[in-house]
Chemist: 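Below are the structure tokens for one structure; questions will follow.
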2 protein chains.
Amino acid sequence: MERLTKNKAPVATKERILDAAEELFAERGFRETSLRDITSRAGVNLAAVNYHFQSKDALIQAVFARRIGPINDARLAMLDEFEARAGGGAVPLEDVLRAFLEPVVEDEKAVPPSFRRLFGRAYVEPGDLFTKIVQQHFGQARVRFAAALQRALPDEPLVDLLWKVNFTIGAMAHTLAGSPERVRAISGGVVESVDMESAVERLIAFVAAGFRAPSRVRPAGKADA
Amino acid sequence: MERLTKNKAPVATKERILDAAEELFAERGFRETSLRDITSRAGVNLAAVNYHFQSKDALIQAVFARRIGPINDARLAMLDEFEARAGGGAVPLEDVLRAFLEPVVEDEKAVPPSFRRLFGRAYVEPGDLFTKIVQQHFGQARVRFAAALQRALPDEPLVDLLWKVNFTIGAMAHTLAGSPERVRAISGGVVESVDMESAVERLIAFVAAGFRAPSRVRPAGKADA
DNA sequence: GTCTATATGGGGATAGAC
DNA sequence: GTCTATCCCCATATAGAC
């Protein structure tokens, strides 16, 4: 009975720390954000971080864990649906890519913009913590998608396929890490309004063509044209 | 006369700081690397950093400045050569991409592996310092390459082109930031040996196909197939 | 130009009262 | 669960002797 009224906002504190951390990490980076920054934005006490989480590293992991589960669920659900629709046949390449990309890139309530930027940055961030995060959370869907890709492109050697997956992840990560501004920036001011909604369709079209292309420009001996 | 014998290693110190900083930044990140780490690896005194450079931020900028000049020179020289060869006509898409990518991705004495990783990370790193670095150094070649791309793909609307450039930079950056390990990682241990030499040819082939593809999968109204 | 020594600040984490 | 106060470490940067 006393347990029901014990705290003013039982869940709120932990969530608010996660929200504030997510935003600040996205804006400034992980190391550049202090726990004091986080707690002051969240409106909670400094010591609350080490009470609810054990360390700053654990907080960072929690920030990722909260979002990536649902994202991977959405990915696999979409892939399931496409595979059911294909009825035993291979899922078309574009659909495999869509299942992989749309749940992250598309604007949804489940994935706030701040986290999208973090997601893109996780791949490139140095340090054991992030390689661990990527392996833990991002590796889950890997097996399913690798298999789906191989079925969509049965003639593609595995190594070639993996390089292309690598390029795809790079394009995706860079897009997530902050594309509207960057497209504007590289235009040198020529393009003013950039719609992020088209990003997924553009990305799918771009990488799908890359997947279908021969893997190298020059055969192997590097003879000049 | 005394000026000739004044110091044991006149140029060495500054260069050794740059070398050590470049390596450590690539391994651990910028904020994660202390000046003490750098000076101890370089075998110089801590105070030497603030003597030769003024601050850590200035050192970071110097690390980039030292390499990017030559890289952009190589890019533009290669583009010049292709344009001369084209003799007034448009440079083929693959060659434009090669001039942009090969000087960075290809293994050369001018671009050590450690800096390649930094190069890839500069785009995604948060903070004003890095947006400034990218604008200063990376924006130089931008105008020339944008023009060459537009001539290679005259029917492509500018916005579409810029999105594709963005995807290309993402794939490039991700490749530079550490691909051999990552291709191995996403293979789940299936692929053991990955040759980095093929990276440029693979990358060019991949993105060239993307550039030639229609910009979107679905027209615009987002009607389902 | 190079060193020692130190100033100065901020960081993560914790002890212990409430 | 939440707060205050504080410990302790490590960071960048500089002053001043050599």
Side-chain angles (χ1 to χ4, degrees), chain A residues 1-25 27-64 125-130 132-133, chain B residues 1-25 27-63 125-130 132:
Chain A
M1 181 171 168
E2 59 192 69
R3 208 175 300 146
L4 287 172
T5 54
K6 175 158 64 170
N7 2 304
K8 320 158 196 169
V11 265
T13 296
K14 199 169 179 177
E15 289 293 313
R16 283 167 63 185
I17 292 174
L18 285 171
D19 289 341
E22 184 174 83
E23 292 168 16
L24 286 168
F25 287 157
E27 289 171 19
R28 309 180 192 174
F30 299 96
R31 288 282 306 233
E32 294 81 358
T33 302
S34 72
L35 296 183
R36 287 171 175 81
D37 292 337
I38 295 169
T39 51
S40 85
R41 173 175 295 203
V44 304
N45 189 272
L46 170 61
V49 173
N50 273 333
Y51 176 81
H52 287 286
F53 312 87
Q54 284 70 24
S55 65
K56 188 181 179 180
D57 275 10
L59 171 61
I60 294 174
Q61 286 187 279
V63 166
F64 278 94
E125 205 84 12
D128 293 345
L129 176 62
F130 291 93
K132 187 180 161 194
I133 288 176
Chain B
M1 180 170 168
E2 60 193 64
R3 209 175 298 145
L4 287 171
T5 55
K6 172 159 68 170
N7 1 302
K8 322 156 196 171
V11 266
T13 296
K14 199 170 178 177
E15 288 294 311
R16 284 167 63 185
I17 292 174
L18 285 171
D19 289 341
E22 184 175 83
E23 292 167 15
L24 286 167
F25 288 157
E27 289 171 18
R28 309 180 191 173
F30 299 95
R31 288 283 306 233
E32 295 80 358
T33 302
S34 71
L35 297 182
R36 285 173 174 82
D37 293 337
I38 295 170
T39 52
S40 85
R41 172 175 296 203
V44 303
N45 189 272
L46 170 61
V49 173
N50 273 333
Y51 175 80
H52 288 285
F53 312 87
Q54 284 69 23
S55 64
K56 188 181 180 180
D57 275 11
L59 171 62
I60 293 174
Q61 285 186 278
V63 166
E125 205 83 10
D128 293 345
L129 175 62
F130 291 93
K132 187 181 161 193

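Chain letters run A, B, ... following the sequence lines, proteins first and then strands; every chain starts at 1.
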Chemist: Within this structure, what is the CG-to-C1' distance between Asp37(A) and dA13(C), rounded to whole angstrom?
Modeler: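 Atom CG in Asp37(A) sits about 16 Å away from atom C1' in dA13(C).
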
Chemist: Let me know the distance between CD1 of Ile60(B) and P of dA11(D), rounded to the nearest Å.
Modeler: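 Answer to the nearest Å: 14 Å.
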
Chemist: Should Phe53(B) and Leu18(B) be marked as a side chain to side chain contact (heavy atoms under 4.5 Å, CB included) after you check the CA-CA gap, both sets of side-chain angles, and the distance that decides it?
Modeler: CA-CA 10 Å; Phe53(B) 312 87; Leu18(B) 285 171; 3.8 Å; yes

Chemist: I want to verify a distance call: between dG1(D), dA13(C), dA11(D), whose nearest atom is closest to the Lys56(A) side chain?
Modeler: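 The closest nucleotide is dA13(C).
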
Chemist: Using whole Å, what does the distance between atom C1' of nucleotide dT14(C) and atom CG of Asn50(A) come to?
Modeler: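 Rounded to the whole Å, the gap is 8 Å.
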
Chemist: Between atom NZ of Lys14(A) and atom CG of Leu59(A), what is the distance when rounded to the nearest 0.5 Å?
Modeler: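 With rounding to 0.5 Å, NZ (Lys14(A)) is 10.5 Å from CG (Leu59(A)).
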
Chemist: Please report, rounded to the nearest Å, how far the P atom of dG1(D) is from the CZ atom of Phe53(A).
Modeler: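 Phe53(A) atom CZ is separated from dG1(D) atom P by 12 Å.
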
Chemist: Does any N or O in the side chain of Asp37(B) come within less than 3.5 Å of the main-chain N or O of Ser34(B), such that one atom is a donor and the other an acceptor?
Modeler: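 At least one qualifying donor-acceptor pair exists.
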
Chemist: So, for Thr13(A) and Ala48(A), which heavy atoms are closest and what is the spacing to 0.1 Å?
Modeler: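 In this case the closest contact between Thr13(A) and Ala48(A) is CG2-CB, 4.3 Å.
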
Chemist: dA17(C) P sits how many Å from Tyr51(A) OH, rounded?
Modeler: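 Rounding to the nearest Å, OH of Tyr51(A) and P of dA17(C) are 17 Å apart.
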
Chemist: For Thr39(A), which contact category applies under a 4.0 Å heavy-atom criterion: base, sugar-phosphate, or nothing?
Modeler: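 Result for Thr39(A) = nothing.
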
Chemist: Nearest whole angstrom, please: distance from the C1' of dG11(C) to the CG of Leu59(A).
Modeler: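 It is 15 Å, rounded to the nearest whole Å.
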
Chemist: How many Å lie between CG on Leu35(A) and C1' on dT14(C), as a whole number?
Modeler: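 Going from Leu35(A) (CG) to dT14(C) (C1'), I get 13 Å.
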
Chemist: Report yes if at least one side-chain N or O of Ser34(B) is closer than 4.0 Å to OP1 or OP2 of dC10(D); otherwise report no.
Modeler: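 No, no such contact exists.
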
Chemist: Choose from dT2(D), dG12(C), dA13(D) the nucleotide whose nearest atom is closest to any side-chain atom of His52(A).
Modeler: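 So the side chain of His52(A) is nearest to dT2(D).
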
Chemist: Within the side chain of Lys56(A), is there an N or O that forms a donor-acceptor pair under 3.5 Å with the backbone of Phe30(A)?
Modeler: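 Indeed, once roles are kept as given, a pair shorter than 3.5 Å links the two residues.
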
Chemist: Side-chain N or O of Thr13(A) versus OP1/OP2 of dT2(D): is the shortest distance under 4.0 Å?
Modeler: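 For dT2(D), OP1/OP2 do have a side-chain N/O of Thr13(A) under 4.0 Å.
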
Chemist: Rounded off to whole Å, could you give me the CD1-to-P distance for the Ile17(A) and dC3(D) pair?
Modeler: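 Atom CD1 in Ile17(A) sits about 10 Å away from atom P in dC3(D).
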
Chemist: On a heavy-atom basis, which atom in Leu46(A) and which in Thr39(A) lie closest, and how many Å separate them?
Modeler: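 Residues Leu46(A) and Thr39(A), closest heavy atoms: CA-CG2, 3.6 Å.
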
Chemist: I'd like a table of atom pairs between the protein and nucleotides 4-7 of chain D - only N or O on both sides, under 3.5 Å - with the distance next to each one.
Modeler:
| residue | atom | partner | partner atom | Å |
| --- | --- | --- | --- | --- |
| dT4(D) | OP2 | Asn45(A) | ND2 | 3.2 |

Chemist: Rounded at 0.5 Å granularity, tell me how far CG in Leu35(A) sits from OG in Ser40(A).
Modeler: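 That separation rounds to 11.0 Å.
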
Chemist: Need to verify one output field. Residue with the more 5' nearest nucleotide on DNA chain D, Ala48(A) or Arg31(A)?
Modeler: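 With Ala48(A) and Arg31(A) compared, the 5'-side residue is Ala48(A).
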
